[in-house]
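Data block below; observations after.
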Amino acid sequence: MTKKLWALLVVVTLVLAGIVGCAPTAEPAGDEEGAGPEFDGEILVGIMVPVTGPEATYGQDMENSMRVAADEINAAGGVLGKELKFLVGDDGCDPQMCTAAASKLVSAEVVAVLGGYCSGATVPALKIYGDAEIPFIITAANSTELIYENPGWAFLINSPGYHQADSAANCFEKLNVSKLALVHQADAFSENLAELTRDEWESRGHEVVAYEVVSKGEQDFSAVVTKIRSVGAEGVYWTAYHADGALLIKQLRQGGYTGEICVADGSASVELLTIAGEAGEGVYCTSPPVVDFMPVAQQFISSYQEKYNQEPGPYAGLAYDGVYLLADAIERAGGTDGVALRQAIEETDGLETLCSTIKFTPDKVLEKSNFVTIKGEGGQWVLAD
Amino acid sequence: MFLQQLINGVSLGSVYALTAVGYSLVFSVVGLINMSHAAIYMSGAVCFSMFYNLGGRNVPLLVVFLIALVYAAVAGLTIERLAIRPIREKGDGMIYAILSSIAVKTIIESVCQIVYGTEIRAFPTILAGRYVEVFGARMMAIQFVMLAVTIVIMLALGYFTLKSKMGMGLRSTAQNLRAANLVGVPVNRIVALAFAIGSVLATVAGIFSCMYYQTVQVNIGGVIGQKAFAATVLGGIGSLTGSVVGGFIIGIAEMLTAGYISSSYRNLVAFSILIIVLIFKPSGIFGQAESKKV
């Protein structure tokens, strides 16, 4: 009997914890009304980001940035005289939650949706928005899967992986590298990028002299380092993440490698430089357009800091840009009709935003890469010319 | 390149060897595969890093090193006393002791995760940037030190087990625990000693390899644990010489594979060697086939 009571108690506690735990997210934060311009109605836009779960920090950051943009737009009179308002759908970086979030936004009759952080939790929404004829501006997720699955209503404003391969090749060409070594970590992302870079590099008439993999959790890269040195590589491109990237950089320098090193966006963290120490000086990185490196983003950074009392995160700039892209398209479409709005977004021709010049290819991805090259200097990343 | 890869292999092998000896020592005395061993390897290095940072990064490394060794010895004794001896004395069979050591491993890892965090961090090193040229190949000074330390420790351990009274007790317990007990060998103390020595060796290996890689993280025990255990089995579990030889074989095999075939095959080849040796000599290279009386 006591056992049953205990079990009941546990279940009740869990259920209550669940209810309480979920409650705060139902209220979108920071939607306070101020004394502003008079509006002739409102435009409701959906935000689909993870605001719970392991990626919540990034999702929250994206939502914050969008609100900064909306505040600015509303303060200047709104879009077509209407107030821009948001409704948040939490995708939790989970395909199932994503489906639920997308259905919620569709039934709330939003005119368009912004967001999409985890590619895996963005793909399931493509068809839902497509069927409902709601344009979807994807501000962070950039898997090529999104391009294949796009029913025609989604637009990607973060550069896809092949743009990064392109940027990496540009970076090494600038550094006069001809013999390149590629090192990945055998996960889908880093291997895919290594392959794309290899193809791009070879198509430009250069040589890939080493194509190596290191397993996760392995600390000893000396075999790879020795091989890289013995084949005479002039440049090394690491396509995986910062923790092991720092180890590789250290061991390369320790092992006597003196050529150029470049790392991919997964290693763009300042942690990489902290751990690598001296060896991290002069290391290049192909980074997504983080606002810290965007000279035009100073105004945005200070508004963000003022409103949220924290620094904008890695995808903040793109999220902010998404709102301006949408506002611009609504103005040009002269309303919020789905078909007209989609066409207006499609016809965007060189809209200058914080992170990119927006013009889409027929695949609805950016025509020009918005990856930037940054460089480790004095333990910090700085924009490399 | 061959010589360079050989040097890489030997220095990686010395880390495996030091760790493998700990497995072997405990196994030879109580017949237990101590699954918490790799966690000691990691926590010793983490302990070193913590005390180094606590002391404002200017405490002499030797002092921090000694603190870490004391930690390792105490940890080894504690594990034996709390998690292994009660089970052993009840005579419940080693399978329960193995499970208990898995629990210990998880506890140590969790505590380190909570106290130290999961992020990778910089680790102090010695002789940074110094290296010796060996026929055109480059051997980092720290690699050289690691190898030297391994050899010295192995010789000392060999001398200890052959000549000292405790060492003889260790060998007699390894031969037959019950008989040793009957003739008055303090078996409990001997087993505790084996745990303490094994833990200290694992910590030495952990600290030196982290000095070499100049970083530390709480997940470093996983891969090393697997490899060192494979080295132990390859060399013949229970044989100290076997563990050392096994460690070097696996280290060198890995590096040559990575250098001449592809780094994605290094683990595949290392573990294939293990399987092949076990097929032809199930007790390992230096192991003695055990004959069971029915």
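Here is how names work: the chains are called A, B, and so on, in the same order as the sequence lines, proteins then strands, and each is numbered from 1.
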So, using ring pair (Phe, Tyr, Trp, His ring centres under 6.0 Å) as the criterion, who are the partners of B:Phe123 when residues are at least two apart?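 B:Phe123 satisfies ring pair (Phe, Tyr, Trp, His ring centres under 6.0 Å) with B:Phe48 only.
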Please say whether more than 12 non-hydrogen atoms of neighbouring residues, nucleotides or ligands are located less than 6.0 Å from CE in B:Met154. yes
Please indicate whether B:Phe51 has more than 12 foreign heavy atoms, meaning atoms of other residues, nucleotides or ligands, lying under 6.0 Å from its CZ.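 No, the 6.0 Å shell around CZ holds no more than 12 heavy atoms from other groups.
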For A:Ala243, is it the side chain, the backbone, both, or neither that has a heavy atom closer than 4.5 Å to a heavy atom of chain B? both
Can you list the donor-acceptor atom pairs spanning chain B and chain A that come in under 3.5 angstrom?
from, atom 1, to, atom 2, distance (Å)
B:Gln5, NE2, A:Ala223, O, 3.1
B:Asn8, ND2, A:Ser222, O, 3.3
B:Asn8, ND2, A:Thr226, OG1, 2.7
B:Arg138, NH2, A:Gln254, O, 3.2
B:Tyr212, O, A:Gln254, NE2, 3.3
B:Tyr213, OH, A:Asp220, OD2, 2.6
B:Gln214, O, A:Lys250, NZ, 3.1
B:Gln214, OE1, A:Lys250, NZ, 3.2
B:Lys227, NZ, A:Glu218, OE2, 3.2
B:Ser263, OG, A:Glu212, OE1, 2.6
B:Ser263, OG, A:Val213, N, 3.3
B:Ser263, OG, A:Val213, O, 2.7
B:Arg266, NH1, A:Asp220, O, 3.0
B:Arg266, NH2, A:Glu218, OE2, 3.3

Based on non-hydrogen pairs under 4.5 Å, which of A:Ala186, A:Gly255, A:Ala246 is most in contact with chain B?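 Winner by heavy-atom pair count: A:Gly255.
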Heavy-atom cut-off 4.5 Å, strictly under: side chain, backbone, both or neither for B:Met255 against chain A?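 Its backbone and side chain both get close to chain A.
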Least distance between heavy atoms, A:Ala223 atom then B:Ala258 atom: CB-CB, 3.3 Å
